[in-house]
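First the structure, in the form of structure tokens, and then the observations on it.
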Amino acid sequence: MIVFPIFSTAISLLCALVLLRDQIRRPRPDKLVWFVAFLMFALAAGADAYGRSIGWSENLARLYYATGPALVVMFLAVGELYLLFPKAMGRFAPGATILLSAIWVTTVLGAPIDRTRLAEDGWEAIDRGSAMVALTIAINSVGTSIIVGGLLWSIWKFWKSGTYRQRMIGCGLIAAGTIVVGLGGTLTRLGHYEYLYIAMSAGIALIFVGVLITRRPDSWATRATDEARDQVPESLSAAQPMVPVAAFDGQELGFVGRDVLGMSDAEIDRFCTEWSVPRDARPAFDRV
């Protein structure tokens, strides 16, 4: 059924555009990496939809296999590692990601294709040797473990702190969606290829909903914003402030009022590092 690859393409592209908009507004490496991941998933699903409806070519089959089976999971995992270890990832992640991507793409481009099977089997006509199979299994297994393990750790952290309930729910949906996507290939063993994109569509939809929920402010953060606005003197509120309160979404004021002010300088530095908060060159924020 062609509708499922088309739906997967649309939802992946929508999620990529949302992440790109966030990246433009507030740049962070994890957002950029996840944008690339969803863009590649859209390319893979779109190539599959085009090939099954219009016809396959060698370039189209290679485009699908170069973007879909391994690189999506790898980039999702790299984005998760950027959230967990921003300093360490900033030192070696770009080079390692580019190197591993180049190895994978080169392997796909160099794989022979059985042209007699291309029209009927599409990307499955690619001769996947032992090296490609091993690389696919390694990337997918390690990447999925990083994604699910990191997100479950984040859920536990949010639950323990009692804050960021929206992020906790969103992370749970993202982890569930990743598991569903990972199980998609297993469903093809039941004898019907369309089962793959049924699982893919459901998984990407869960991930997208999770991304949207993590962007919503929690109720305590919204209250912090309202309280800060109420405390502005009337003489100042009539003038144009240098940094409008409306420019914040509540999360920033929640950090300051609930978590940051009671910390030492070292704790502030570690706390901001965990959350990938952009900082200046100094090792810690000063009180001013």
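Positions are given from 1 along the sequence.
To the nearest 0.5 Å, atoms CD (Glu80) and CZ (Phe75) are separated by 15.5 Å. Atom CZ of Arg91 sits about 8.5 Å away from atom NZ of Lys87, to the nearest 0.5 Å. Atoms CD and CG, from Glu124 and Leu118 in turn, are 11.5 Å apart once rounded to the nearest 0.5 Å. Note that CE of Met74 and CD1 of Ile139 are 6.5 Å apart. Values are rounded to the nearest 0.5 Å. The structure places CG of Leu19 at 8.0 Å from CH2 of Trp34, a figure rounded to the nearest 0.5 Å. Between atom CD1 of residue Ile126 and atom CZ of residue Arg117 there is a gap of 10.0 Å, rounded to the nearest 0.5 Å.
Contact between Ser141 and Ile137 at its shortest, heavy atoms only, is OG-O, 2.7 Å.
Contact of the Val78 side chain with the Met89 side chain is registered, since non-hydrogen atoms from C-beta on lie closer than 4.5 Å. In this structure, the side chains of Ile103 and Leu135 come closer than 4.5 Å at one or more pairs of heavy atoms. Between Thr67 and Phe41 there is no side-chain heavy-atom pair separated by less than 4.5 Å. By the 4.5 Å heavy-atom criterion applied to side chains, Ile207 and Phe38 are counted as neighbours. Side-chain contact between Val73 and Thr144 is present, with at least one heavy-atom pair separated by less than 4.5 Å. The shortest side-chain heavy-atom distance between Leu71 and Val105 falls under the 4.5 Å cut-off.
Residues Leu60 and Leu109 fall within the same hydrophobic cluster, defined by Ile, Leu, Val, Met, Phe, Trp and Tyr side chains chained together at heavy-atom separations under 4.5 Å. Grouping the Ile, Leu, Val, Met, Phe, Trp and Tyr side chains by contacts below 4.5 angstrom, directly or via other members, places Val33 with Val142.
Side chain of Glu58 to backbone of Ile113: no donor-acceptor contact under 3.5 angstrom is found. In terms of modelled atom types and a separation under 3.5 Å, the side chain of Arg62 and the main chain of Val108 share a donor-acceptor contact. Side chain of Asp48 to backbone of Ala44: no donor-acceptor contact under 3.5 angstrom is found.
Ser57 and Asn59 are not linked by any side-chain donor-acceptor pair at a separation below 3.5 angstrom, with hydrogens and angles left out of the test.
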Arg26/Asp22 under salt bridge (charged side-chain N to carboxylate O under 4.0 Å, His left out): CA gap, chis, key distance, verdict: CA-CA 6 Å; Arg26 301 180 64 181; Asp22 284 356; over 6 Å; no
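The aromatic rings of Tyr65 and Trp104 lie parallel to each other, with less than 30° between the two planes, well short of the 60° mark.
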